[in-house]
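Because only heavy atoms are used, hydrogens play no part in the values below, and waters and symmetry mates are left out as well, while side chains stay in. Chain letters run A, B, ... following the sequence lines, proteins first, then strands; residues in each count from 1.
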Number of protein chains: 2
Amino acid sequence: MARRIATPAAGATQPPVDERPLRLASTEIIATGNEAYTPRQNAVLESALGLLVEGGERALTTAGVARAANCSKESLYKWFGDRDGLLAAMITFQSSKVKAEAAGPGANGRAALRSRLEGIAVSLLKVLAGDVSLALNRLAIGQARRGEADLGLLLREHGRKPIETRLSALLESGRREGLLDFADTREAYRTLYGLIVRDMHVRLLLGDSLDGEAPAARAAQAIDEFFRLHGREEDTGPARERTGAGNERTG
Amino acid sequence: MARRIATPAAGATQPPVDERPLRLASTEIIATGNEAYTPRQNAVLESALGLLVEGGERALTTAGVARAANCSKESLYKWFGDRDGLLAAMITFQSSKVKAEAAGPGANGRAALRSRLEGIAVSLLKVLAGDVSLALNRLAIGQARRGEADLGLLLREHGRKPIETRLSALLESGRREGLLDFADTREAYRTLYGLIVRDMHVRLLLGDSLDGEAPAARAAQAIDEFFRLHGREEDTGPARERTGAGNERTG
DNA sequence: AGTGCAGCGTACCGTACGGTACGGTTCCGA
DNA sequence: TCGGAACCGTACCGTACGGTACGCTGCACT
C-alpha cells in the first residue's frame with residue numbers, strides 16, 4: 001500500500017540541512033528556549049515533518065523517519081523515548097519555528113489598529129493553510145479520542161494560545177483607545193476568529209482546496225466586518241448593543 | 001494497549017437493535033434512498049460507529065467490528081468489500097440518519113426568518129458537537145493527505161453540502177423579501193457559518209471540551225450579528241455597504 | 001596513540017492487523 | 001423433506017510496524 005520510502009522524499013522543500021554528521025560531544029545541548037533539542041535532532045524532526053506532510057500519518061513510521069533522516073531507530077528512541085514522544089517533539093519543534101515576531105506596541109489610531117489586525121489575520125490564514133500546520137493538525141485530530149487527546153492539547157497550547165493572546169491584547173488596546181466596544185474579550189476574539197477563518201480550516205483539513213481565497217482580501221473583509229460589529233468611530237457605525245455573551249450564558 | 005472488546009461496548013447509547021438474527025433471503029434489499037443497505041448491515045454499521053466513537057480509529061479493526069456486531073469478518077468483506085468501503089459506508093449511513101426535516105417555506109417576515117435561521121444554527125451546532133459527527137470527522141481528517149482525501153470528500157458532500165444548501169436557500173429567500181442585503185450568497189453563507197461555529201469545531205476535534213457554550217445562546221448571538229452585518233430593517237441598522245467579496249476577489 | 005562514547009546501519013522479535021478460507025448452523029423456498 | 005444460500009465463528013496467512021539488541025565507525029578528549 002504505502003510504497004517504499006527509499007529515496008529521501010520531500011527533500012526539495014527544506015534547505016540542505018548541513019550534510020555533515022553533526023556529532024555531539026557530551027552535553028552540548030542548545031537550549032532554544034523551551035525544549036532543548038540538538039541541531040541533529042532538529043534536522044531529524046525536520047525530516048519527520050517532511051515525511052508527515054508528504055504521506056500523512058501512515059508514512060510516519062519509525063523506520064521511515066530513520067531512513068529519511070539517515071539516523072538509526074535506536075537514536076530515535078533514545079532521543080524521543082517513544083513514537084508519541086517523537087510526534088510531540090514534532091509539534092513543539094514546528095511551533096517554535098513559527099513563533100518569533102512579537103511586534104510591540106506601535107502607532108495608535110484606528111488605521112493603525114486596523115492594519116495590525118489585518119496583519120495578524122493574514123499571517124493566521126497563511127499559517128493555517130500551510131502544509132506543515134495542516135499535517136500536524138490532521139495528525140493530532142486523528143489521534144484524538146473521546147476524553148483523551150494529548151497531541152490535541154499540545155497543539156492547542158502551542159498553536160492557538162499564542163494567537164489568542166496576541167489578538168486579545170490588540171483588541172483590548174483598541175478598546176482602551178475607545179476604538180472598539182465589547183464586553184468579553186474572549187467572546188470578541190472568538191467572533192473575530194470566526195469572521196477571519198470561517199470554515200476554511202476544517203475544509204482544508206478535510207482535503208478541500210481553497211478556491212482562490214486570497215488571504216489579504218479575506219483578512220481585510222473580516223476586519224471590516226468586525227469593525228462594523230464592534231467599532232466605535234462614526235465611519236464604522238456606532239455599536240448599538242454589546243455582543244459579549246458573557247452575561248447571558250446559560251450553561 | 002487497546003483493551004479487549006468482549007462485551008458489546010458502547011451499547012448503552014443505541015437502542016436494542018432487535019437482537020434476532022435478521023437473515024436475508026436472496027435479494028431483499030431495502031432501498032432507503034441513496035445507498036441500499038439491509039437492516040442487518042445497518043445494525044453492523046451502528047456497532048461500528050459505536051466502536052469508533054468509543055475508541056477512535058485504532059479501535060476500528062475488522063475483527064473488532066465483527067466481534068462487536070456479532071458477525072463474521074467474511075460478511076464484512078462481502079458487504080463492504082474493504083476496510084475503506086466500511087468507513088465510507090459508515091459515513092453515508094450516518095449522514096442518511098441525520099438528514100430528514102426539510103422544512104418547506106413557512107411564515108414570512110423578519111421574525112420568522114430569524115427564528116428559522118436560529119433553528120438551523122442550533123441544529124448545526126448540536127450536530128457538529130455530537131459524538132458520532134466528531135468521530136467521523138476525526139476519522140476522515142486523519143485519513144486525509146496532501147492531494148487525496150476520499151473520506152473527506154464524502155464527508156464534505158454528505159455532511160456540509162446539505163446544510164449549505166438549506167442555509168443558502170433561506171438567505172436568498174430573506175433577500176427576496178428585502179430583509180437581507182448581500183451580493184454573493186456563498187460569501188454570505190460562509191460569514192454566517194463563521195459567526196455560528198467560530199473555532200468551536202476545530203477545538204472540539206482537537207479534544208477540547210466546550211466550556212458551557214449553550215447552542216441556543218450561541219445561535220441567537222450569531223444570527224443577531226449576521227443581521228447587524230447584512231440586515232435591512234431599521235431596528236437592525238441599514239446595511240451601509242455590501243460585504244460580498246465576490247467582486248474583489250484576486251485569486 | 002589510546003580510550004570512550006555518540007551514533008549509524010541492520011538484524012531481530014513479538015504483536016496486531018487486513019484479508020481469506022473453511023466447517024457448521026439456521027433459515028428459505030421447492 | 002431436501003437442497004441451497006446466507007451467515008457466523010474461528011483458524012490461518014502474510015505483512016508491517018513498534019521497540020530492542022548488536023556490531024561497527026569515527027570524532028573528542030586526554
Side-chain angles (χ1 to χ4, degrees), chain A residues 1-6 8 17-30 37-45 47-48 51-52 55-89 143, chain B residues 1-6 8 18-30 37-45 47-48 51-52 55-89 142-143:
Chain A
M1 202 170 294
R3 66 170 204 271
R4 285 288 303 267
I5 310 149
V17 194
D18 191 1
E19 210 59 36
R20 294 183 315 125
L22 262 180
R23 209 63 61 83
L24 280 194
S26 300
T27 58
E28 180 199 347
I29 293 177
I30 299 176
Y37 291 131
T38 67
R40 178 70 183 122
Q41 292 168 14
N42 283 346
V44 170
L45 290 175
S47 290
L51 219 51
L52 176 68
E57 193 212 335
R58 307 285 304 266
L60 203 68
T61 68
T62 53
V65 172
R67 188 153 18 226
N70 284 329
C71 75
S72 70
K73 289 172 63 176
E74 196 171 18
S75 301
L76 284 181
Y77 286 103
K78 182 180 180 181
W79 293 333
F80 308 108
D82 199 345
R83 185 176 184 264
D84 294 339
L86 174 67
L87 304 185
Q143 299 278 92
Chain B
M1 201 169 298
R3 67 172 204 271
R4 283 287 303 267
I5 311 153
D18 192 2
E19 209 59 34
R20 293 183 316 125
L22 260 179
R23 209 64 60 82
L24 279 193
S26 301
T27 57
E28 181 198 347
I29 294 177
I30 298 178
Y37 291 132
T38 68
R40 177 74 182 119
Q41 292 169 14
N42 283 346
V44 169
L45 291 175
S47 290
L51 220 52
L52 175 68
E57 193 213 335
R58 307 285 303 269
L60 203 68
T61 68
T62 54
V65 172
R67 189 154 15 227
N70 284 328
C71 75
S72 70
K73 291 172 63 176
E74 196 173 18
S75 300
L76 285 181
Y77 287 104
K78 182 181 179 182
W79 293 333
F80 309 108
D82 198 345
R83 185 174 185 263
D84 294 340
L86 175 65
L87 304 185
Q143 299 278 90

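Leu76(B) places its CG atom 14 Å from the C1' atom of dA6(D), with the value rounded to the nearest Å. Distance OH (Tyr37(B)) to P (dA6(D)): 18 Å, rounded to an integer number of Å. In this entry the distance linking CG of Leu60(B) with C1' of dA16(C) reads 15 Å, nearest Å. For the pair Asp82(B) CG and dG18(C) P, the interatomic distance rounds to 10 Å; values are reported in whole Å. Rounded to a whole Å, the CZ atom of Phe80(B) is 15 Å from the P atom of dG18(C). One can place CZ of Arg67(B) at 13 Å from C1' of dA11(D), the figure rounded to the nearest angstrom. One atom, CG of Asn70(B), and another, P of dT26(C), lie 15 Å apart when rounded to the nearest Å.
Between Cys71(A) and Arg40(A), the shortest heavy-atom distance links the atoms CB-NH2, 3.5 Å.
Listed by chain and number, the residues in a side chain to side chain donor-acceptor pair (under 3.5 Å) with Ser75(A) are Ser72(A) (sequence neighbours excluded).
Here Leu87(B) contributes atom CG and Leu60(B) contributes atom CG; the two are 6.0 Å apart, rounded to the nearest 0.5 Å. Distance check, rounded to the nearest 0.5 Å: CG of Leu86(B) to OG1 of Thr62(B) gives 9.0 Å. Note that CG of Leu76(A) is 9.0 Å distant from CG of Leu45(A), once rounded to the nearest 0.5 Å. Remark: Leu51(B) CG to Arg58(B) CZ distance equals 13.5 Å, nearest 0.5 Å.
Between Arg58(B) and dA16(C), a side-chain N or O to OP1/OP2 separation shorter than 4.0 Å is absent. Phosphate proximity of dG7(C) to Trp79(A): present, with a side-chain N or O under 4.0 Å from OP1 or OP2.
For Ser75(B), the side-chain atoms get nearest to dC8(D) when compared with the rest of dC8(D), dG19(D), dG7(C). Comparing dC8(C), dG7(C), dC7(D) by their closest approach to the side chain of Cys71(A) singles out dC8(C). In the set dG18(D), dA6(C), dG18(C), dG18(C) carries the atom at the smallest distance from any side-chain atom of Arg83(B).
Remark on the helix from dA1(C)-dT30(D) to dA30(C)-dT1(D): inter-end axis angle 10°, axes from five-pair C1' superpositions, rounded to 10°.
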Find every protein N or O atom lying less than 3.5 Å from an N or O atom of nucleotides 20-22 of chain C, and list the pairs.
| unit_1 | atom_1 | unit_2 | atom_2 | d |
| --- | --- | --- | --- | --- |
| dC22(C) | N4 | Glu74(B) | OE1 | 2.2 |

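The salt bridge (charged side-chain N to carboxylate O under 4.0 Å, His left out) contacts involving residues 75-88 of chain B comprise Glu57(B)-Arg83(B), where partners must be two or more places apart or lie in separate chains.
The closest side-chain heavy-atom distance from Val44(B) to Tyr37(B) is not below 4.5 Å.
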